[in-house]
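Convention: sequence-line order gives letters A, B, ...; per-chain numbering from 1. Atom set for the values below is all heavy atoms of this structure, side chains included, hydrogens, waters and symmetry mates excluded. Since the structure is predicted, the reported quantities are computational estimates derived from the model, not experimental observations.
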Amino acid sequence: MNQTIVIEVQRYRPEQDPHPWWQSFELDYLPEMSVLDALHRIKDRHDSGLAYRWSCRMAICGSCGLMVDGVPRLGCKTFLRDYYPNSIRLGPLAHFPIERDLIVDLRDFVDKLAAVKPYLIRAAQDEQPSEPRRQTPTQLARFLPFAQCISCGLCYAACPEYGLDNRFFGPAALALLHRYNRDSRDQGRAERLPVMNSEDGVWGCTFVGYCSQVCPKGVDPAAAINQGKITSLIDYVRHLVGLSPARSGPDATREAEG
Amino acid sequence: MDRITTDIAIVGAGGAGLRAAIAAAEARPDLEIALISKVYPMRSHTVAAEGGAAGVAQDHDRFEDHFEDTVAGGDWLCEQDVVDFFVRHAAAELTRLEHWGCPWSRQADGRVAVRAFGAMRIERTWYAADKTGFHMLTTLFQTALRHPGIRRFDEHFCLDLLVADGRVQGVVALDLAAGTMRLIQAKAVILATGGAGRVYRFNTNGGIVTGDGLALAYRHGVPLRDMEFVQYHPTGLPGTGVLVTEGCRGEGGILLNRDGYRYLQDYGLGPETPVGQPRNRTMELGPRDRLSQAFWFEQQKGRTLTHPVWGDVVQLDLRHLGAARIDERLPFVRELARAYANVDPVHEPIPVRPAVHYTMGGIETDRRAATRLPGLFAVGECASTGLHGANRLGSNSLTELLVFGRLAGEEAAQVAATTTLDKSPALLREADAIAARARSIINPDGQESIPALRDELGEAMEAGLGIFRTEEGMQQTTDQIASLKHRYRAARVTDPSSVFNTEWLQALELGFLLDVAEAMAHSALARRESRGAHHRLDAYRTRDDEQFLKHTLARFRADGPPEIQHTPVTITTSPPARRSYGDDGQGSSEP
Amino acid sequence: MKSDRRSNEPLTWSLFAAGGLLAAFVTPALLLATALLAPLGVLEDGLSFDRVRAFLDHPLGGLILWALIALPLWHAAHRLSHGLRDLQVGAPRLTSALCYGFAFVITLYSGYLVWFA
Amino acid sequence: MSARRPYIRPMPRTWWLRNRVFRRYMLREATALFIGGYGLVLLWGLSALRRGEGAWLAYLDALSHPLALAFHTLALAMALYHTATWFALTPKLMPSRIGNRPIPARWVKAAHYGLFALCSLVILLLAAGWP
Ligand SMILES: Cc1cc2nc3c(=O)[nH]c(=O)nc-3n(C[C@H](O)[C@H](O)[C@H](O)COP(=O)(O)OP(=O)(O)OC[C@H]3O[C@@H](n4cnc5c(N)ncnc54)[C@H](O)[C@@H]3O)c2cc1C
Ligand code: SF4
Ligand code: F3S
Ligand code: FES
C-alpha cells in the first residue's frame with residue numbers, strides 16, 4: 001500500500017462557478033514532492049483544467065506563489081513532507097482578485113513595481129559608458145538584500161494593510177524603491193520622494209512585519225519601508241523649513257565620476 | 001480579434017527580447033515597440049541563469065583569446081566572423097548593464113570581479129554572486145520601464161507569425177487572462193523565445209522553455225540550424241534537474257566518483273590539480289561536453305554512486321571552500337541544494353548528474369540577426385547566429401543576449417523605418433484563420449493524453465539523442481517522434497473555456513516541442529561524425545572535417561520529415577585543430 | 001495608488017515614535033512604582049506630596065512630567081487611529097481627527113497644569 | 001469579448017483572528033490603549049497635585065482600589081509587551097554600523113535592554129525616596 005496525502009485545492013472558473021469552492025484530491029505521497037509537483041500530478045492525472053502559474057521550479061522566477069494552509073508560500077519550495085500526514089489546503093494568494101483557480105490578477109502589483117522608478121537615475125546620463133563604475137563590496141552590501149526580490153507577491157498576500165486598501169504601494173514596491181535609493185550609483189532619491197511621502201507610500205504601512213516573515217528571498221521589506229519612513233520624515237522637515245529635497249542619500253558615492 | 005498596429009513586435013521578454021526592445025527604443029524613441037511574452041518578463045527563464053556572463057575584462061586578457069576559446073569550445077563549427085563581433089562587443093555590453101544598475105560582484109577596490117569558467121583560459125566571467133541571470137534580467141526589465149515606446153503585452157501567448165507577401169507582417173497572440181485574440185501587426189518581428197530544453201524529460205529548464213519560436217519560424221520555412229547539438233550540463237541536481245552552476249567549479253569545486261576519486265583526469269582533462277587551486281581549461285574547468293561524456297563513461301564502468309530515488313550520481317564537493325566563501329559567492333547554490341537535494345554543501349558534497357541544458361542550434365540568422373524571411377529577426381537561445389558551434393561555452397550565452405539583442409533591436413528599427421504597414425482586411429482574415437486553427441486543437445473527444453505524449457517524447461529524446469548516440473538509437477527516436485506527431489492529432493483537450501486555459505496552452509506547446517524534436521533528431525541522424533555535443537558510438541566516432549565541417553539545416557515539410565541540408569562554416573583566422581584541454585593535449589574529440 | 005499628496009504622517013508619526021520610545025523605556029518601571037508599589041504601601045513615603053510637588057516645581061521635573069503624559073497619548077492616538085482603520089470602524093478621516101484631537105487637548109491641558117495652574 | 005470575471009474576496013472585520021502573527025500584531029497595537037490609559041492616570045495625579053495635599057492623598061487612595069490595582073497589573077503586562085515589541089522592531093528601523101560593519105541586531109537589542117534596566121532602576125530608586 002502506498003501512503004497517500006489529501007490535497008484540497010480552491011477552484012474558481014469564472015465561466016462556470018459563481019464562487020470559489022474546494023475540491024480535494026488524494027495523491028500518492030512522496031517525501032521529496034513539492035506542492036508544485038503535487039499540482040502537476042493533479043493536472044496530469046485528475047483534472048486537466050486546474051490552472052496555476054509556474055515556470056522555473058527552482059524558487060527564482062516568482063510565478064508559483066499561493067496560500068498553503070493560509071500562509072503565502074512558493075509552491076516549488078514547499079514540500080509535502082513538512083505537512084504529511086495532515087492534509088494540505090491550497091488557495092490563491094490572498095488580497096488579489098482571483099482570475100481562475102490558483103491564478104490571481106497581478107496587474108496592480110506589477111504596475112506598482114514600475115511606478116517607483118526602479119532604475120538608476122543620474123544627474124547627467126552618460127551615453128557611452130567606457131568603463132564600469134566603481135562600487136565597493138560594502139557599498140554593494142548596502143542595497144543587495146533589497147535587490148533580491150523575485151516579484152512573487154507573497155508579501156502582498158501577507159500584508160493586511162494592502163488587503164484593506166490596495167492603493168497602498170505595498171512591501172515589494174517600496175523595498176524596490178529603497179533598493180535604488182541605497183545604491184551608491186544613484187542620484188534619483190528626490191524623484192522617488194513623492195511616492196514615499198504619499199499616504200499610500202511608506203505611510204500606509206503599520207509595521208505588521210508579516211511581509212518580511214513570508215518573503216522567500218530574505219528581502220525584509222518591513223525594514224525597507226520603515227527606514228523609508230525616516231527618509232520621508234527628513235524630507236518633511238526639509239520641506240517645512242523650505243529646503244529642496246535631497247537628491248541622493250548618505251549612501252551615494254560623492255566623488256566625480258565619468 | 002483586436003487589431004493593434006505597431007512598428008516592431010518582439011516575441012519574448014527574456015534577456016534577449018528586453019535588450020532588443022531597449023536598443024530599438026534608444027535608436028528611435030518615436031518607435032512603438034510591442035513586447036509580447038507568455039509570462040511576465042521577470043519570469044522568463046533568463047532569471048535562472050546562475051554562473052555569469054563572459055567578456056574580456058582583465059588587462060592581460062585579449063579578444064583573440066576569448067575568440068580562440070569560443071571557437072575551440074564549439075569544435076570549430078562556429079561562424080568565426082560572428083564570434084569576432086561577439087568578443088569585441090561583449091565587455092562593452094556588460095559595462096552598459098553596470099551603468100543601468102546591475103549589481104555585479106566586486107573586488108575590494110570596487111572594480112568588477114570576474115571568475116573562472118569551463119574551457120576559458122582566463123577568468124573573464126562577470127557575475128552577480130550566483131544569480132547572474134536574475135540580476136541581469138531584473139536590470140533589463142527595469143531599464144525597459146524607462147522607455148515609453150515599449151508597450152508590454154504580458155501573459156500573451158504568441159500563436160503564430162503572420163506572413164504575407166513574402167514577409168512577416170506581425171503575430172497573432174492570445175491574451176491569456178482575457179482569452180481574446182490579438183493581431184499585432186508590425187513592420188519587423190523579433191523572435192526571442194528562448195530554448196527548447198523541455199523536449200527532454202530531465203533538464204535544467206523552466207516549464208516555459210518549449211521551443212515555441214523555433215517551431216513558429218520553422219513552420220514558415222525558415223531553416224533551423226545545427227539542431228543536433230544539445231548541451232548536457234554536467235551538474236544538475238538529480239530528481240529535479242535543477243542546475244548547480246559551473247561557477248561552483250570556477251570557485252574550486254571538485255567532482256568525485258563513488259570512490260572519492262577525481263575521475264576527470266582519466267578523460268584527457270588532467271593532470272589532477274590540487275584541491276582548492278583550480279586551473280583554467282583543466283579538470284573541472286574543462287568544457288561541458290567533455291565533462292558530461294566523462295560521467296557517462298564512469299556510469300558504464302559502475303563507478304558512479306547509486307541513489308535509491310535519484311539513480312546514478314557523482315559528487316560535487318565544495319566543502320573546502322568554507323561557509324564564508326560559499327555564502328558570498330554561491331548562496332543560491334546552497335539554498336537550492338538544501339531545498340532540492342536535502343544537502344548542505346558546506347558540510348556534504350552535492351549529488352549531481354548531467355542534465356539537458358541548452359540548445360546550441362536554432363533559427364538560422366545571418367551576422368546581423370536577420371533570418372531568411374524578410375522582416376523577421378531571431379535572437380537569444382532560439383537563434384543560431386553561429387556563435388556557439390557544436391558546444392556552447394558556459395557564460396557566453398548571457399552575453400550573447402546582450403550583444404545580439406542590441407543588434408537585433410537596432411536592425412529591426414532600421415527595417416521599421418523603411419517599411420509601411422499593410423492595412424488590408426486580408427490580414428485580419430488570415431489572423432482569424434490562425435486563431436481558428438489554434439482553437440481547433442481543443443478536442444474533448446481525443447484519445448491521446450497530452451501529459452503522456454509529452455513524457456514519451458522526453459523519454460524518446462533521452463534514449464536516442466542523449467550524451468552518446470548511435471544510428472540505431474537515433475532512428476528509433478525519429479520513428480517514435482513521427483508516431484507521436486501522428487498521435488498528437490488525436491490529442492484530448494477537454495477545457496473549452498477561455499480565461500487562463502492552461503490545458504490548451506500545454507497542448508499548443510507540445511505541438512511546438514514535437515516539431516523541434518523532429519528537427520533535432522533528423523539533423524542528428526544526418527551528421528555522420530562526432531563533434532562537440534553530438535557524439536556517436538557507432539562507426540562515426542571521430543570528427544570528420546572533410547565532410548562535416550558544415551552546418552546542418554533542417555527545413556520543415558508539412559507532409560513528412562524535414563529536409564536536411566548542409567552549408568559551409570565561415571572560417572576566418574582559426575583553422576580547425578584538435579581540441580585539447582588539460583596538460584597533455586591528449587584529449588582529442590573521440591571518446 | 002496614484003495619489004501623490006504629501007501625507008502629514010511624518011508629524012504624527014514622530015510624536016508616536018517618541019511616545020513609544022519613552023513608554024518602552026520608562027513606563028513599566030514607572031507604572032510599577034506609582035500605580036502598584038506605592039498604593040500597596042511598599043514605597044513608604046517616596047511619593048509623599050512634598051517630594052512629588054518639589055519634583056513638579058523643578059523646571060526640568062515639570063517638563064519630564066509633561067512629556068510622560070503627552071507623548072504616550074500621542075503614541076496611543078496614533079495606534080488607535082490605525083487600529084480603528086484596521087478594524088474598519090468609522091470613517092478614517094473622522095476617527096483619526098478624533099484620536100489626534102484628543103491627544104492634542106491632553107497635551108495642552110497637561111501643559112497648563114504643569115506651568116500655569 | 002473577455003470572459004474575465006475576477007473574484008474579489010472581501011476582507012472581513014475579523015481578518016486579524018486568522019493567524020498568530022496578526023493576533024500578536026493586534027495585541028501590540030492594543031498595548032497603546034494601556035500606555036495611553038496610564039498617561040491619563042498620570043494626568044489625574046498631576047491635577048490632584050495641583051489641587052493640594054488632600055487631593056493627592058485621595059488620588060493615592062483611589063489607586064489602591066482593587067479595580068485600579070487590577071487595571072494596573074494588566075497595564076504593566078501590556079507595557080512590558082510594548083517594550084519587548086518595540087525593542088524587537090527598532091533595529092530594523094535604524095540599521096546601525098561601526099565604520100563599515102553593520103552591528104548585529106542582537107547587540108542592538110541587548111543594548112536596549114541594558115538601558116531599559118538602568119532606567120527602571122533609577123525610577124524605582126527615585127520612587128523609593130532616593131536620594
Ligand atoms: C538554469 C540555467 C542556467 C544558466 N546559466 C547560464 C550562465 O550562467 N551563463 C550563461 O551565459 N548562460 C546561462 N544559461 C543559458 C542562458 O541563461 C539562456 O540561454 C538565456 O537566458 C536565454 O535567454 P532568452 O532571452 O533567449 O530566452 P528566455 O529568457 O528563455 O526568454 C524567453 C521569452 O520568450 C517568451 N516566450 C516563449 N514562447 C512564447 C510564446 N509562444 N508567446 C509569447 N512569448 C513566448 C517567454 O515568455 C520569455 O519571455 C543558463 C540556462 C539555464 C536554463
Ligand atoms: S519582497 Fe519578497 S515576498 Fe515580496 S515580492 Fe519580493 S521576493 Fe516576494
Ligand atoms: S506586512 Fe504590511 S504593514 Fe508594513 S511591515 Fe509589511 S508592509
Ligand atoms: S516556479 Fe519559479 S518560483 Fe516557483
Side-chain angles (χ1 to χ4, degrees), chain A residues 95 107-117 156 159-174 177 190-210 225-241 244-245, chain C residues 1-28 63 66-67 70-104 106-108 111:
Chain A
H95 305 154
R107 282 171 232 208
D108 174 56
F109 168 63
V110 176
D111 287 348
K112 281 179 171 140
L113 292 178
V116 300
K117 300 190 192 276
Y156 285 66
C159 175
E161 300 305 318
Y162 180 74
L164 287 162
D165 181 352
N166 67 7
R167 285 173 302 186
F168 174 40
F169 269 87
L174 293 167
L177 188 158
E191 291 190 40
R192 299 190 195 95
L193 276 166
V195 166
M196 297 180 75
N197 290 340
S198 76
E199 276 172 21
D200 304 323
V202 290
W203 301 108
C205 162
T206 56
F207 217 158
V208 176
Y210 196 30
I225 298 175
N226 286 282
Q227 290 165 26
K229 285 181 185 169
I230 310 249
T231 309
S232 179
L233 173 63
I234 293 171
D235 183 61
Y236 190 80
V237 176
R238 287 180 72 108
H239 176 71
L240 280 184
V241 301
S244 61
Chain C
M1 211 168 84
K2 306 273 170 350
S3 116
D4 273 1
R5 237 185 40 160
R6 187 189 277 275
S7 162
N8 280 316
E9 284 254 336
L11 198 66
T12 50
W13 184 80
S14 351
L15 290 166
F16 150 81
L21 187 74
L22 192 66
F25 280 105
V26 306
T27 299
L63 195 67
W66 188 49
L71 287 176
L73 267 145
W74 282 101
H75 174 81
H78 182 84
R79 283 203 157 157
L80 185 62
S81 101
H82 280 284
L84 291 174
R85 218 177 278 196
D86 286 347
L87 296 173
Q88 295 161 307
V89 175
R93 300 237 173 255
L94 180 71
T95 49
S96 65
L98 287 176
C99 289
Y100 293 122
F102 184 67
F104 186 65
I106 298 291
T107 306
L108 289 184

- Message: Between Y100(C) and N8(C), do the side chains contain a donor N or O and an acceptor N or O under 3.5 Å apart?
- Response: no
- Item | Heavy-atom proximity to chain C below 4.5 Å, by part of L164(A) | side chain
- So, do L174(A) and F168(A) sit near enough that their side-chain heavy atoms are less than 4.5 Å apart? yes
- Message: I want to check something: taking the side chain as every heavy atom from C-beta on, are W74(C) and T107(C) in contact at a cut-off of under 4.5 Å?
- Response: yes
- Should R238(A) and I234(A) count as side-chain neighbours, where that means a heavy-atom distance under 4.5 Å? yes
- Message: Using a 4.5 angstrom heavy-atom cutoff, name the option from E9(C), R85(C), H78(C) with the most pairs to chain A.
- Response: E9(C)
- Can you find a heavy atom in the side chain of W13(C) that is under 4.5 Å from one in the side chain of S232(A)? no
- Message: Please classify the contact between D235(A) and chain C as side chain, backbone, both or neither, with a heavy-atom cut-off of under 4.5 Å.
- Response: both
- Message: My understanding is that only one of F169(A), Y156(A), F109(A) makes a ring-ring contact (aromatic ring centres under 6.0 Å, His included) with Y162(A); could you say which?
- Response: Y156(A)
- Considering only heavy atoms, give the residues of residues 88-96 of chain C separated from chain A by less than 4.5 Å, sorted numerically, with 'none' for an empty result. Q88(C), R93(C)
- Side-chain heavy atoms of S14(C) within contact of L233(A), under 4.5 Å: yes
